[in-house]
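To keep things clear, I will list the structure first and then write my remarks on it.
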Amino acid sequence: MVQVSGPRIRGLREGLELTQLYLATVVGVTTETISRWERSESPTIKKENGLKLAAALEVELTELLVPGVEAEKTAREGAGGQSVEEPVGPSSAEHDPETVSPVRPGPGRQSFRPLLWGLIPIVFLIVAWFLRDLSSVPQPFTLEAIRVLPTHSAPGQVFPVVIRVTADDENSSSLLIREQLPPRCVLVSSLPKALEAAEGQLKWLGREGGDVQVVYLARCETQADVQTQVSFRGSVLLRRERHQESEIVGASQLELQPFHWADQDRDQRISDEEVLDVHDDFGVAEGLGLDVDRIEEMWLGSGYRWLPEQQAFEILP
Amino acid sequence: MGKGVCGAVMPVWMGALFSLVALTSLVAVPAARAEGEITARYLAAQGREIVLEIQVGTPAPGSLIVIQRTPRGSSLQKAVPLPKQSGRGEIKWLIRQPSPGTLTLRTTFAEPLSPGAVSAVIRCKDPLTGKMLTIKVP
């Protein structure tokens, strides 16, 4: 330990136009410590710090010491090889809690570390649960409507159409489905029963929540040419606090061709996959009178043939 | 110092444990939905009575086609449930809206069938993907 002269330090620092911050950074203490040294409030400092301070001030350490005290301190340090405890108060620079130099964490500081480490995952858990709750917060409801329609049907033959409405809204809401049949197409039956307006405009009105399905059977006629394409279009309107309308997407085109609507690949026979599709996609239409048994007969037989004069199919055994 | 080191290390693995729990809670999903799997086996594949057992998973397919092939000339006496068609060495079932669980098809023939003489093919649409599935038995 050495006892430095406060006025001497200040004088040298100001002479070199150095700031207290610069000295504090070089020595590794706080500016407050430098200030106390300069005011001679804690003039006894570690020799190591004294050497750094002297170097910063571009002088020898001895030039910073209080005359007559240095020798005494040095002698006491060396006595018996034992370190001499300097009777410095709590305001001593070396015990300054604000010192920049590395300080070994005390027992109090260590006791906080486990708590901090434990708190991090807890905070993480809270955030995780919060995010979970956020994900379950009802989003603005979505409304989707998909039409399932065969790609083709024979002229004058009944075919099924299914409209599936998915409303991401569990509350009961007013629902309106509108479907415009193509020209020369007529409604045969529907489930639920449709309100039919003029010129092939179909409407279903209900108060529904969640998913809704509408199925109907239709028939289209052709004139001179057999191969005619017809288009279906429609929309669905849901009203809760506000209106939301969506166009019915999915299949919208149907060709009038001399093949059964269930014969997807138009090879004049009903395959295993095609008969399964009839049940999976249009099984619900059986309740409307869709002749599924006749399709199964075609599946079990070797095929079918279109008879244009009779506008009917002949099943081949 | 040793105590201090222990005190500093212990929370690390504790933190890791908590983090693992937190991550698990984040990625946790409701009970996993079982695959819509179809499996089948013959409980009796020889003799006069042939028993085919089909396990239908959840969700069940919309419909099932079962084709059981038997030696030509074998005479079917009884079948439960009733098939759609039989003859020419084939018995065909079209089962609409099968329920998840066990489905048993029993056929009784006039003459005993020898081992290995009977086989089956099950066809359905995967209820999850819509892909055509073909299951061969045995």
Side-chain angles (χ1 to χ4, degrees), chain A residues 104-136 148 162 262 264-265 270-287 290 292-302 315 317, chain B residues 1-30 36 59-67 83-88 90-98 121-135:
Chain A
R104 189 167 52 195
R109 187 180 293 253
Q110 279 190 349
S111 66
F112 276 107
R113 278 196 179 169
L115 183 62
L116 281 173
W117 278 107
L119 275 176
I120 289 169
I122 289 169
V123 169
F124 186 79
L125 269 175
I126 291 169
V127 171
W129 274 108
F130 179 71
L131 288 175
R132 260 176 91 106
D133 287 345
L134 269 185
S135 67
S136 64
V148 183
V162 177
Q264 295 172 31
D265 57 8
I270 305 296
S271 67
D272 288 351
E273 186 165 5
E274 287 165 345
V275 79
L276 288 172
D277 282 340
V278 168
H279 288 288
D280 291 0
D281 296 338
F282 301 107
V284 65
E286 200 174 0
L290 185 68
V292 174
D293 288 341
R294 188 158 173 78
I295 296 169
E296 288 181 3
E297 280 181 46
M298 292 179 182
W299 165 61
L300 294 168
S302 59
I315 298 173
Chain B
M1 194 66 182
K3 262 179 102 174
V5 169
C6 286
V9 169
M10 189 172 68
V12 174
W13 66 261
M14 278 179 64
L17 184 65
F18 273 112
S19 300
L20 186 65
V21 171
L23 279 173
T24 308
S25 70
L26 262 185
V27 299
V29 291
S63 48
L64 277 177
I65 293 173
V66 183
I67 302 167
K84 287 284 179 186
Q85 189 181 56
S86 66
R88 291 180 291 187
E90 274 190 357
I91 306 167
K92 275 188 179 181
W93 287 268
L94 177 58
I95 297 156
R96 299 178 185 182
Q97 297 177 339
V121 172
I122 300 166
R123 293 201 178 111
C124 66
K125 290 269 184 163
D126 188 319
L128 300 175
T129 64
K131 192 179 167 186
M132 188 73 179
L133 299 175
T134 301
I135 300 114

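In this text the structure is predicted, and so the values were computed from the model without any measurement.
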NZ or CZ of B:K92 within 45° of A:W299 ring axis and under 6.0 Å: yes

Which region of B:R123, side chain (C-beta onward) or backbone (N, CA, C, O), has a non-hydrogen atom less than 4.5 Å from a non-hydrogen atom of chain A, or is it both or neither? both

By a 4.5 Å heavy-atom criterion (distance strictly below it), what part of A:E296 contacts chain B: side chain, backbone, both, or neither? side chain

Side chain, backbone, both or neither of B:I67 within contact of chain A (heavy atoms, under 4.5 Å): side chain

At what distance, to the nearest 0.5 angstrom, does CG of A:D272 lie from SG of B:C124? 11.0 Å

Which heavy atom of B:G62 sits nearest a heavy atom of A:D280, and at what distance? CA-OD1, 3.2 Å

Other residues, nucleotides, ligands: >12 heavy atoms within 6.0 Å of B:Q97 CD: no

Side chain, backbone, both or neither of A:I120 within contact of chain B (heavy atoms, under 4.5 Å): neither

Residue list, side-chain contact (heavy atoms from CB on, under 4.5 Å) with A:E273, at least two apart or on another chain: A:S271, A:D277, B:K125, B:M132

How far apart are the closest heavy atoms of A:V275 and B:L94, and which atoms are they? CG2-CD2, 4.2 Å

Determine the minimum heavy-atom distance between A:D293 and B:R96, stating which atoms define it. OD1-NH2, 3.5 Å

